[in-house]
2 protein chains.
Amino acid sequence: MTTLAAVPTRERLVAVAMRLFWEKGYQSTSVADILRESGTNSGSLYHFFETKQDLLLGVLEQYRDGIEPLLLMPAWEGVADPIERIFALLGGYRRLLVESDFRFGCPIGNIALEIAEPDPALRERLVENFEAWTDAVEGCLRESGVLPADVDARAVARFALTTMEGGVMLARAYRDVTPFDDAVASFEAYLHALAR
Amino acid sequence: MTTLAAVPTRERLVAVAMRLFWEKGYQSTSVADILRESGTNSGSLYHFFETKQDLLLGVLEQYRDGIEPLLLMPAWEGVADPIERIFALLGGYRRLLVESDFRFGCPIGNIALEIAEPDPALRERLVENFEAWTDAVEGCLRESGVLPADVDARAVARFALTTMEGGVMLARAYRDVTPFDDAVASFEAYLHALAR
DNA sequence: GTCTATACCCTGATAGAC
DNA sequence: GTCTATCAGGGTATAGAC
């Protein structure tokens, strides 16, 4: 097993911040929390990151770079059909909701709404994450060939993201997966209607 | 014109907190901000509310009670057709996004994601707001009579909420109303597909 | 119900030796 | 790059007179 101490300090900080920002939110996580849970001293954190928000940027870059290997690849293992892959991806969020008793939703969506007026740099990182997610779904849609030529595949892919984010929000508030399931079922019906 | 001072203290506090929580977020609004902008002293606030979160509960109750008179009635003025009313409601959020340069989204959705692990009391207030919104849209759907009997009108209404919340989130992050418009257009297509 | 003053803690961030 | 110590400020909430 890899111990925390074996990981270089910067990566350790990003990994711990990633987890805490997800669990508690960005603003409710103190720098002291991150230092304690990562076994790091204040001086080291501020050696690598100018500010707490700078660390958040590092976390969002990590999410962006992890979409392919850490989100898509596990979700798509053993799923070859591109349309099924879209629902496997959505199913991953469902699983996360249920298994965490609705504590864990979408870490990017949380940040997007938690910070009322994000800096341009922060907003850019959020958009990069949303775009990478949308790219993946758009790729599935195109690969499937089910959409007529006059349908905007990117808009459909973005609607999948909208559905996921809205569904996760409601499921967490209700502590009930039904709103999420209903949203996914509706999206599926929408997709079928487009495909015919 | 009604001056601030003419309004009873409790209502004044709720009104100002409502605005600030929306503009800046709950956690980024300090009690001092609320006191300053409402022209109130600390002792008065804590006379009416035990804690800052208690004030948030008051704000959410106000939102809930205001859905009919302050959200639906203005949006539906001069709109008789129940299906058009659904899109008039969604159009209200669009207008808000654009006119505020994407600073104002859905105040309830913001709180729902800003607070990672809301107390049961807080969660209950969020749910009340989502339910009241869903009730209104479900009423429109039933009144319109466009849905076949085997379609779950409540699930469709909730999907409208999902669409709105997801669309607002993305539009704010992108600072571009396109994701919202695409989401609404997709929802409309979904509704048409159901209705036939 | 409202006023002033303030307790008391935790926040992000810094200093400077090693 | 890492360590300890600490700063300055702002956070929520309270005390107690009026």
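Within every chain, numbering begins at 1; the chains are lettered A, B, ... in the order of the sequence lines, protein sequences first and strands thereafter.
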J.: Are R19(B) and E37(B) close enough for a salt bridge, meaning some N to O gap below 4.0 Å?
T.: yes
J.: If you take the centroid of each ring, where Trp contributes its six-membered ring, are F180(A) and F159(B) closer together than 6.0 Å?
T.: no
J.: Just the rounded figure in Å: distance from C1' of dT11(C) to NZ of K24(A).
T.: 13 Å
J.: Among the candidates dG1(D), dG1(C), dA13(D), find the nucleotide nearest to the side-chain atoms of F48(B).
T.: dG1(C)
J.: Using heavy atoms to find the nearest nucleotide of DNA chain C for S28(A) and S42(A) separately, return the residue whose nucleotide is more 5′.
T.: S28(A)
J.: Rounded to whole Å, please give me the gap between CG in N41(A) and P in dA15(C).
T.: 17 Å
J.: Give a yes or no on whether a salt bridge exists between R154(B) and E131(B), defined as a side-chain N under 4.0 angstrom from a carboxylate O.
T.: yes
J.: In this structure, how many angstroms lie between the P atom of dA5(D) and the CG atom of L35(A), rounded?
T.: 15 Å
J.: Taking CG from L55(B) and C1' from dA13(D), how many angstroms apart are they, rounded to a whole number?
T.: 14 Å
J.: Please, what dot-bracket string fits DNA chain C when only Watson-Crick and G-U pairs with both distances under 3.5 Å count, crossing ones use [ ] and pairs to another strand use |?
T.: ||||||||||||||||||
J.: Side chains of R125(A) and I108(A), heavy atoms from C-beta outward: is any pair under 4.5 Å?
T.: no
J.: In whole Å, I'd like the distance from the CZ atom of R10(B) to the C1' atom of dT2(C).
T.: 17 Å
J.: Nearest of dG1(D), dA13(C), dT2(C) to any side-chain atom of H47(A)?
T.: dG1(D)
J.: Please pick, from dC3(C), dT4(D), dG12(C), the nucleotide with the shortest atom-to-atom distance to any side-chain atom of V31(A).
T.: dG12(C)
J.: Measure CG/D54(B) against P/dA13(D) and give the value in whole Å, please.
T.: 9 Å
J.: Atom CG of L20(A) and atom C1' of dT11(C): how far apart are they, to the nearest Å?
T.: 16 Å
J.: Is there a side-chain polar atom (N or O) of Y46(B) under 4.0 Å from OP1 or OP2 of dA13(D)?
T.: yes
J.: Please determine if a side-chain N or O atom of S30(A) lies less than 4.0 Å away from the OP1 or OP2 oxygen of dC10(C).
T.: no
J.: Pairing donors with acceptors under 3.5 angstrom, does anything connect the side chains of S30(A) and D33(A)?
T.: yes
J.: Within this structure, what is the CG-to-P distance between L45(A) and dT11(C), rounded to whole angstrom?
T.: 14 Å
J.: Flag the pair L161(B) / V137(B) as yes when at least one side-chain heavy-atom distance between them is below 4.5 Å, and no otherwise.
T.: no
J.: Quick one: does NZ or CZ of K52(A) land under 6.0 Å from the six-membered ring centre of Y26(A), within 45 degrees of the ring axis?
T.: yes
